[in-house]
Peer 1: 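After the structure tokens below, expect a handful of questions from me.
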Amino acid sequence: MRASQYLISTQKEPPAEAEVISHQLMLRAGLIRKLASGLYSWLPLGLRVFRKVEAIVREEMDASGALELSMPVVQPAELWQESQRWSQFGAELLRIRDRHDRDFCLGPTHEEVITDIVRNDIRSYRQLPINLYQIQTKFRDERRPRFGIMRTREFCMKDAYSFHLDEASLQKTYDGMYQTYSNIFERCGLDYRAVIADTGSIGGSHSHEFHVLAESGEDAIVFSDSSDYAANIEKAQALTPIEDAAAPAEIMLQVATPGDKTIDQVCKTLSIEPRQMIKTLIVTAPDADGQHQLFALVVRGDHQLNEVKAQHALQLDNEIGMASEEQIYKALNCAAGSLGPVDLPITLVVDHSAANLATFTCGANRDGYHLRGVNWQRDCPTYIRADIRNVVTGDPSPDGLGNLTIKRGIEVGHIFQLGTKYSEIMKARVLDENGVERVMHMGCYGIGVSRIVAAAIEQNNDERGIVWPDSLAPFQIALIPINLHKSEHVKKTAEEIYAQLTAAGYDVLFMDENKARLGSMLADVELIGITHRLVIGERGLNDGNIEYRHRRESENRLIATADLMDHMRQQIHT
RNA sequence: CGGGGCGUAGCGCAGCCUGGUAGCGCACUACACUGGGGGUGUAGUGGUCGCAGGUUCAAAUCCUGCCGUCCCGACCA
């Protein structure tokens with residue numbers, strides 16, 4: 001590609017709105033432009049990178065035996081009502097109405113549509129297993145889009161869905177996808193980890209997430225320091241020993257804590273440690289009739305609530321959310337900062353480590369007062385015990401081997417064993433070899449194609465800009481002539497080399513703008529992150545040399561003009 | 001959804017407090033010089049100052065409402 005005929009839209013300064021490095025660099029390098037919150041255009045240069053990721057995903061999916069298809073973005077409400085997710089999915093599901101006043105949604109995922117296809121087109125076990133995938137735009141009306149392309153409302157996802165006669169077959173395909181995903185992220189040059197995950201709103205049983213390790217990651221991932229255990233913090237079990245309820249040791253006392261709203265403030269006033277307190281959190285979730293019910297959750301003062309675990313402990317299908325001040329006041333006649341479990345008139349779930357406290361301090365359910373010397377057995381005997389807190393660094397690993405450390409990750413892939421969650425309710429069945437109708441087992445497998453681009457930048461950048469892994473660079477080679485307009489020699493050689501490299505199948509960006517300055521060309525090429533660069537100047541040519549530099553290196557290497565093609569072959573195919 | 005910030009040229013910002021000519025840097029156009037790491041000079045292009053209403057002789061500036069956008073929070077008990 002000739003730069004004179006291409007759109008290179010770089011900027012010196014990052015737009016004020018960009019916070020994380022990948023977002024800044026994507027804007028500065030001219031890969032993307034924002035249209036509205038969570039909606040981005042891909043400029044030609046960015047699209048080239050996007051296509052490279054897409055191609056890797058497609059090649060590996062095809063190699064795994066999966067079949068590509070394409071399904072609509074707009075989906076009829078009926079299918080979602082049938083799977084019951086029309087009511088379960090929440091506000092992220094963007095619902096729209098057509099001119100006939102019929103309900104539709106923009107697809108955030110495609111379990112319903114694929115299940116509808118398969119139940120109509122597959123009638124026999126002989127056609128199973130089958131794995132169908134698409135690479136396509138999804139829409140999720142995120143409560144808060146952020147970090148540029150990382151969390152957008154419209155994004156590109158590879159989603160695959162497999163169908164099986166039994167669990168054994170599903171497990172086999174699942175294992176195959178695990179390997180395929182590893183291949184894909186490997187080829188994308190990413191430092192990633194597969195971790196055990198919660199299944200969230202998609203549902204199902206077993207599930208792994210693939211995370212790219214990065215400080216800016218939105219997820220916390222926990223690792224054992226002495227085994228290969230790795231899990232999303234949402235899923236990591238806290239191995240708290242369950243102790244018998246202790247007998248009361250102190251008298252329960254009400255103490256004034258005027259104005260104290262946080263654990264820290266109360267601790268300061270009463271001169272105690274957070275671990276001697278408990279916090280009482282009020283959550284709410286809609287029940288089957290859409291009524292909002294309140295639940296009280298208790299964790300130790302130095303621990304954090306794990307909403308996913310809490311949802312499971314409460315056996316709720318719908319996601320829970322923190323109750324508003326208003327809801328709390330209406331139901332409990334008390335501000336959130338002064339709540340406690342004693343005589344609380346709603347369902348109470350207590351985390352194991354909070355339940356293990358023999359004596360603790362908590363809110364008195366009266367504004368400005370707390371209770372000291374509280375004992376579960378004596379003062380608050382009725383509650384449900386469960387694991388509802390996040391693990392913390394140093395907790396024992398759930399597999400019994402070693403202790404946990406915590407890192408941050410960007411979720412780029414997720415594989416699920418759905419079992420019969422959708423096939424059952426949507427009646428996706430086949431006849432088995434005995435002519436008996438059986439519900440199919442399903443798996444589903446997602447990859448955030450656009451997110452991979454941002455994740456790759458998060459992991460690969462320096463003060464000059466992006467440093468693409470070879471496999472993702474928008475161009476493999478940048479060809480930079482010096483004084484193109486003045487030196488016939490440079491011009492002729494550059495043209496020849498451009499022709500040769502292009503003929504050899506390389507993606508070359510030829511910086512052929514007549515009066516471009518060396519400095520700005522180099523700055524652009526480095527910002528854009530092109531992996532290999534060649535500089536052709538009169539001086540070098542007179543010595544028979546061309547200068548080569550890898551984006552990760554800081555010194556030029558002189559290559560004899562005659563050896564150039566060999567050199568590039570070595571650089572790019574090894 | 002709660003809190004806060006911001007909205008003035010493509011980008012980054014000043015001007016607003018104290019109302020009166022719309023400004024700077026980058027980018028862009030032309031010309032000249034320069035020519036191995038974002039060069040210099042001269043001359044230019046480009047703005048309904050987010051939108052609507054109000055106050056005023058006069059509003060980017062003051063007031064009201066709305067919209068957009070970003071960050072933080074939603075783990076606060």
Side-chain angles (χ1 to χ4, degrees), chain A residues 8-20 23-24 27-28 30 33-39 90-91 142-148 220 233 257 260-267 274 277-284 296-307 310 319-329 332 334-341 344 351 361-370 388-390 392 464-465 480-487 490 514-527 533 535-541 547 549 554 556:
Chain A
I8 294 177
S9 199
T10 55
Q11 291 166 350
K12 268 189 196 174
E13 292 176 282
E17 68 185 43
E19 203 68 17
V20 298
H23 189 197
Q24 290 178 3
L27 290 167
R28 282 189 56 207
R33 288 292 177 255
K34 189 177 77 174
L35 177 65
S37 178
L39 301 173
E142 291 284 346
R143 81 183 12 168
R144 184 176 162 204
R146 59 179 144 179
F147 302 153
I233 201 164
T257 50
D260 292 349
K261 292 200 185 307
T262 68
I263 289 273
D264 283 346
Q265 288 167 346
V266 174
C267 283
M277 288 193 65
I278 58 162
K279 47 185 171 187
T280 308
L281 311 164
I282 306 299
V283 297
T284 176
L297 307 173
V298 170
V299 295
R300 217 168 68 189
D302 58 332
H303 284 154
Q304 301 209 305
L305 176 69
N306 181 313
E307 290 191 25
E319 274 186 33
I320 59 173
M322 302 308 293
S324 67
E325 288 275 335
E326 196 182 334
Q327 284 173 305
I328 293 174
Y329 235 97
L332 306 169
C334 170
S338 299
L339 289 171
L344 204 62
D351 183 70
T361 298
C362 64
N365 295 324
R366 179 178 166 205
D367 283 352
Y369 289 90
H370 279 71
I388 56 170
R389 70 169 170 99
N390 277 340
V392 294
R464 297 182 168 189
I480 302 179
I482 301 174
N483 289 334
L484 193 64
H485 64 296
K486 285 172 91 172
S487 167
V490 168
N514 238 341
K515 291 191 174 180
R517 305 205 125 234
L518 179 64
S520 63
M521 287 191 287
L522 293 174
D524 274 352
V525 161
E526 285 171 338
L527 174 58
R533 87 175 190 213
V535 173
I536 300 174
E538 188 86 35
R539 274 184 220 165
L541 286 182
E547 288 157 31
R549 193 194 288 192
S554 54
N556 289 333

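None of the values given here were measured: they were computed from a predicted structure. Order of the sequence lines sets the chain letters (A, B, ...), proteins ahead of strands, with each chain counted from 1.
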Peer 1: Of all the choices, B:rG36, B:rG12, B:rA77, which nucleotide is nearest to the side chain of A:I482 once you look at every atom?
Peer 2: B:rG36

Peer 1: Does A:S37 make a side-chain N or O approach to OP1 or OP2 of B:rC70 shorter than 4.0 Å?
Peer 2: yes

Peer 1: Would you kindly give the CD1-to-P distance between A:I282 and B:rG2, to the nearest whole Å?
Peer 2: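 It works out to 20 Å between those atoms.
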
Peer 1: Please evaluate the base of B:rG12 for a donor-acceptor partner in the side chain of A:R28 within a cut-off of under 3.5 Å?
Peer 2: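 Check fails, no donor-acceptor contact within cut-off.
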
Peer 1: Assign A:E17 to base, sugar-phosphate, or nothing according to its heavy-atom contacts below 4.0 angstrom with the strands shown.
Peer 2: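 Since only primed, P, OP1 and OP2 atoms lie under 4.0 Å of A:E17, the category is sugar-phosphate.
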
Peer 1: Which one is paired to B:rU21, where only Watson-Crick or G-U wobble pairs with both distances under 3.5 angstrom count?
Peer 2: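 WC or wobble partner does not exist here.
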
Peer 1: Go nucleotide by nucleotide along RNA chain B from the 5' end; which of A:G38 and A:A523 gets its closest nucleotide reached first?
Peer 2: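 Final value for this comparison: A:A523.
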
Peer 1: Given that both distances must come in under 3.5 Å, which nucleotide forms a Watson-Crick or G-U wobble pair with B:rG53?
Peer 2: B:rC63

Peer 1: Round to the nearest Å and state the distance from A:H23 atom NE2 to B:rC70 atom P.
Peer 2: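 Taking atom P of B:rC70 as the reference, NE2 of A:H23 is at 8 Å.
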
Peer 1: Does the side chain of A:V283 reach to within under 4.5 Å of the side chain of A:E307, using non-hydrogen atoms?
Peer 2: no

Peer 1: Could you check how far CD1 of A:I328 sits from C1' of B:rA74, rounded to whole Å?
Peer 2: 12 Å

Peer 1: Mind checking if A:R533 touches a base, just sugar-phosphate, or nothing, with heavy atoms under 4.0 Å?
Peer 2: base

Peer 1: Please state the P separation for the pair B:rG54 and B:rA43 - nearest whole angstrom.
Peer 2: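 Those two atoms are separated by 44 Å.
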
Peer 1: To the nearest Å, give me how far apart CG (A:D302) and C1' (B:rA77) are.
Peer 2: 15 Å

Peer 1: Taking side chain as C-beta onward, heavy atoms only, is A:V299 less than 4.5 Å from A:K279?
Peer 2: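 With C-beta onward as the side chain, the pair touches.
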
Peer 1: Mind checking A:G537 for me? I need base, sugar-phosphate or nothing, with any heavy atom below 4.0 Å counting as a touch.
Peer 2: base

Peer 1: Looking at B:rG35, does its base get a donor-acceptor pair with the side chain of A:E538 below 3.5 Å?
Peer 2: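 Counting by modelled atom types and ignoring angles, no donor-acceptor contact under 3.5 Å is found here.
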
Peer 1: Over how many whole Å does the gap from A:E13 atom CD to B:rA27 atom P extend?
Peer 2: 10 Å

Peer 1: Once you round it to whole Å, what is the distance between C1' of B:rA30 and CG of A:N514?
Peer 2: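 After rounding, the gap between these two atoms is 17 Å.
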
Peer 1: Quickly work out the A:Q11 CD to B:rC13 P distance and round it to whole Å.
Peer 2: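 Rounded to whole Å, this separation is 12 Å.
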
Peer 1: Answer with base, sugar-phosphate or nothing: what part of the nucleic acid does A:A91 contact at a heavy-atom distance below 4.0 Å?
Peer 2: nothing

Peer 1: Confirm from the modelled atom types if A:N483 and B:rG36 form a donor-acceptor pair under 3.5 Å, side chain to base only.
Peer 2: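 Answer no: no donor N or O sits under 3.5 Å from an acceptor.
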
Peer 1: Partner lookup for B:rC28, please. Criteria are Watson-Crick or G-U wobble with both distances under 3.5 angstrom; report none if nothing qualifies.
Peer 2: B:rG44

Peer 1: Remember a base hit wins even if backbone is also touched, and classify A:S338 as base, sugar-phosphate or nothing at under 4.0 Å, heavy atoms.
Peer 2: sugar-phosphate

Peer 1: Could you state the atom-to-atom distance from CG of A:L281 to C1' of B:rG73 in whole Å?
Peer 2: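 Distance, rounded to whole Å: 15 Å.
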
Peer 1: My understanding is that only one of A:K34, A:R146, A:R33 makes a salt bridge (charged side-chain N to carboxylate O under 4.0 Å, His left out) with A:E17; could you say which?
Peer 2: A:K34

Peer 1: Can you find a donor-acceptor N/O pair under 3.5 angstrom joining the side chain of A:K515 to the base of B:rG35?
Peer 2: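 Answer no: no donor N or O sits under 3.5 Å from an acceptor.
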
Peer 1: Look at A:K12 and B:rG25 and indicate whether a side-chain polar atom (N or O) is within less than 4.0 Å of OP1 or OP2.
Peer 2: no

Peer 1: Name the nucleic acid region contacted by A:Q265, choosing base, sugar-phosphate or nothing; use a 4.0 angstrom heavy-atom cut-off, strictly under.
Peer 2: nothing

Peer 1: Taking any strand in view, what nucleotide pairs with B:rA14 in a Watson-Crick or G-U wobble way, both distances under 3.5 Å?
Peer 2: none

Peer 1: Look at all strands and tell whether A:K34 reaches a base, only sugar-phosphate, or nothing, counting heavy atoms closer than 4.0 Å.
Peer 2: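 Result for A:K34 = sugar-phosphate.
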
Peer 1: Between A:R146 and A:V535, which is nearer to the 5' end of RNA chain B once each is assigned its nearest nucleotide?
Peer 2: A:V535

Peer 1: Checking all strands, does A:G540 fall into the base, sugar-phosphate, or nothing category for heavy-atom contacts under 4.0 angstrom?
Peer 2: base

Peer 1: Under 4.0 Å, heavy atoms only, any strand: does A:R33 hit a base, just the sugar-phosphate, or nothing?
Peer 2: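 Nothing, no heavy atom under 4.0 Å.
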
Peer 1: With heavy atoms under 4.0 Å as the rule, sort A:R366 into base, sugar-phosphate or nothing.
Peer 2: nothing

Peer 1: To check you understand the geometry: which heavy-atom pair defines the closest contact between A:I263 and A:P274, and what is its length?
Peer 2: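 A:I263 and A:P274 have their closest heavy atoms at CG2-CB, 4.0 Å.
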
Peer 1: Determine whether any donor atom in the side chain of A:R517 lies under 3.5 Å from an acceptor atom in the base of B:rG39, or the reverse, and answer yes or no.
Peer 2: yes

